[in-house]
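Keep in mind that this is a model prediction, so the values were computed, not measured.
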Amino acid sequence: MPHIHSIDIFVTDIDRALLFYRDHLGLPLLHQGSFGAEFMEGEKGKTRLGVHPAAHPNALAMVGRETGVTLHVENLLEFCERLHQRGVKFVTEPTQQGFGIMAMVADPDGNVLALWEDKLPE
């Protein structure tokens, strides 16, 4: 049965991206090499987040846009405060929605990711 192996984001500077994804967001680094880096759980059936150098013109065209990636984060408001202290760029500050709290952040290349906690309004 097929499963999603990875969702990939393209960047112009892999070292700068490593600092953002590993050190600022705190994603566990699984592999790193000439291909870029893979983060998150690597077990079968668990999706990885790949961050790769935009070495090809098609990949370069995908740098700096909405990724469609949403990361679930417990205690999102506290997490966002730490991101603010680390200088992470917020596209949208944490906002209570009908489906939970959501914030949008951008990596150094402008790739936008959503951060979400399933905390419903009281």
Side-chain angles (χ1 to χ4, degrees):
M1 179 106 200
H3 68 275
I4 294 175
H5 171 75
S6 67
I7 295 170
D8 300 316
I9 297 172
F10 294 96
V11 299
T12 59
D13 183 329
I14 195 66
D15 292 328
R16 190 173 64 176
L18 278 168
L19 180 70
F20 177 80
Y21 289 95
R22 180 193 59 214
D23 299 341
H24 292 343
L25 292 184
L27 301 182
L29 177 64
L30 295 176
H31 307 286
Q32 180 181 355
S34 60
F35 65 90
E38 284 187 328
F39 298 90
M40 310 294 279
E41 298 296 324
E43 301 170 24
K44 184 175 174 101
K46 301 258 184 164
T47 304
R48 301 171 185 189
L49 180 65
V51 178
H52 306 287
H56 187 277
N58 289 344
L60 195 54
M62 292 190 280
V63 172
R65 52 189 236 182
E66 180 73 43
T67 64
V69 173
T70 301
L71 300 174
H72 181 262
V73 180
E74 293 292 329
N75 300 312
L76 180 62
L77 297 178
E78 292 173 22
F79 184 76
C80 287
E81 181 58 35
R82 287 193 304 274
L83 294 182
H84 275 293
Q85 292 169 357
R86 295 173 183 159
V88 170
K89 178 184 175 191
F90 278 75
V91 176
T92 305
E93 292 292 331
T95 307
Q96 181 70 61
Q97 308 284 333
F99 51 83
I101 302 171
M102 182 165 276
M104 306 287 275
V105 296
D107 75 5
D109 278 303
N111 296 305
V112 178
L113 298 100
L115 307 175
W116 168 71
E117 182 179 14
D118 55 348
K119 191 171 188 178
L120 298 176
E122 296 182 18

Practice problem: Would you sort out whether Met102 and Thr70 count as a side chain to side chain contact (heavy atoms under 4.5 Å, CB included), showing the intermediate values? | Solution: CA-CA 9 Å; Met102 182 165 276; Thr70 301; 4.3 Å; yes
Quiz prompt | Heavy-atom pair of closest approach, residues Glu117 and Asn75 | solution = OE2-N, 3.2 Å
Quiz item: With hydrophobic residues grouped by side-chain heavy-atom distances under 4.5 Å, do Val63 and Val69 end up in a single group?
Solution: no
Exercise. Please round to the nearest 0.5 Å and tell me the distance separating atom CG of Leu71 and atom CZ of Phe39.
Key: 11.5 Å
Quiz item: Remaining members of Leu19's ILVMFWY cluster at a side-chain heavy-atom cut-off under 4.5 Å?
Solution: none
Exercise. First locate atom CZ of Phe90, then atom CG of Leu115, and finally report the distance between them rounded to the nearest 0.5 Å.
Key: 6.5 Å
Quiz item: What distance separates Leu49 CG from Leu27 CG, expressed to the nearest 0.5 Å?
Solution: 6.5 Å
Exercise. Nearest 0.5 Å please: distance from the OG1 atom of Thr67 over to the CD1 atom of Ile9.
Key: 4.5 Å
Practice problem: Check Ala17 against Val51 and note the closest heavy-atom contact, atom names and distance. | Solution: CB-CG1, 3.7 Å
Quiz item: Where do Asp8 and His52 come nearest, in terms of heavy atoms and distance?
Solution: OD1-NE2, 3.1 Å
Quiz item: What heavy-atom pair brings Phe10 and Ala59 nearest, and what distance separates the two atoms?
Solution: CD2-CB, 3.6 Å
Quiz item: Backbone N or O of Thr12 within a donor-acceptor pair of the Asp109 side chain at under 3.5 Å?
Solution: yes
Self-check item: Nearest-0.5 Å distance, CZ of residue Arg16 to OH of residue Tyr21
Solution: 10.5 Å
Quiz item: Taking all non-hydrogen atoms of both residues, which atom of Val88 and which atom of Ala106 are closest, and how far apart?
Solution: CG1-O, 4.5 Å
Quiz item: If every non-hydrogen atom of Pro94 is compared with every non-hydrogen atom of Cys80, which pair is closest and at what distance?
Solution: CG-SG, 3.6 Å
Practice problem: If you link ILVMFWY side chains whenever their heavy atoms are less than 4.5 Å apart, which other residues fall into the same cluster as Phe35? By chain and number, please. | Solution: none
Quiz item: Just by distance, do the side chain of Glu38 and the backbone of Gly50 share a donor-acceptor pair under 3.5 Å?
Solution: no
Self-check item: Hydrophobic cluster membership, Val105 vs Met40, 4.5 Å side-chain cutoff
Solution: yes
Exercise. Kindly work out whether a path of hydrophobic side-chain contacts (I/L/V/M/F/W/Y, heavy atoms less than 4.5 Å apart) joins Leu29 to Ile7.
Key: yes
Quiz item: In terms of side-chain geometry, is the basic nitrogen of Arg86 or Asp23 positioned less than 4.0 Å from the acidic oxygen of its partner?
Solution: no
Practice problem: Spell out, yes or no, whether Met104 and Met62 are grouped together once hydrophobic residues are joined by side-chain heavy atoms under 4.5 Å, including indirect joins. | Solution: no
Quiz item: Does Lys119 offer a backbone N or O that forms a donor-acceptor pair with the side chain of Gln96 under 3.5 Å?
Solution: yes
Exercise. Under the ring-ring contact (aromatic ring centres under 6.0 Å, His included) rule, collect the residues that match up with His31, sequence neighbours excluded.
Key: none
Exercise. Walk me through it: do Glu66 and Val112 pass the test side chain to side chain contact (heavy atoms under 4.5 Å, CB included)?
Key: CA-CA 5 Å; Glu66 180 73 43; Val112 178; 3.7 Å; yes
Quiz item: Roughly how far, to the nearest 0.5 Å, is CZ of Phe20 from CG of Leu25?
Solution: 4.0 Å
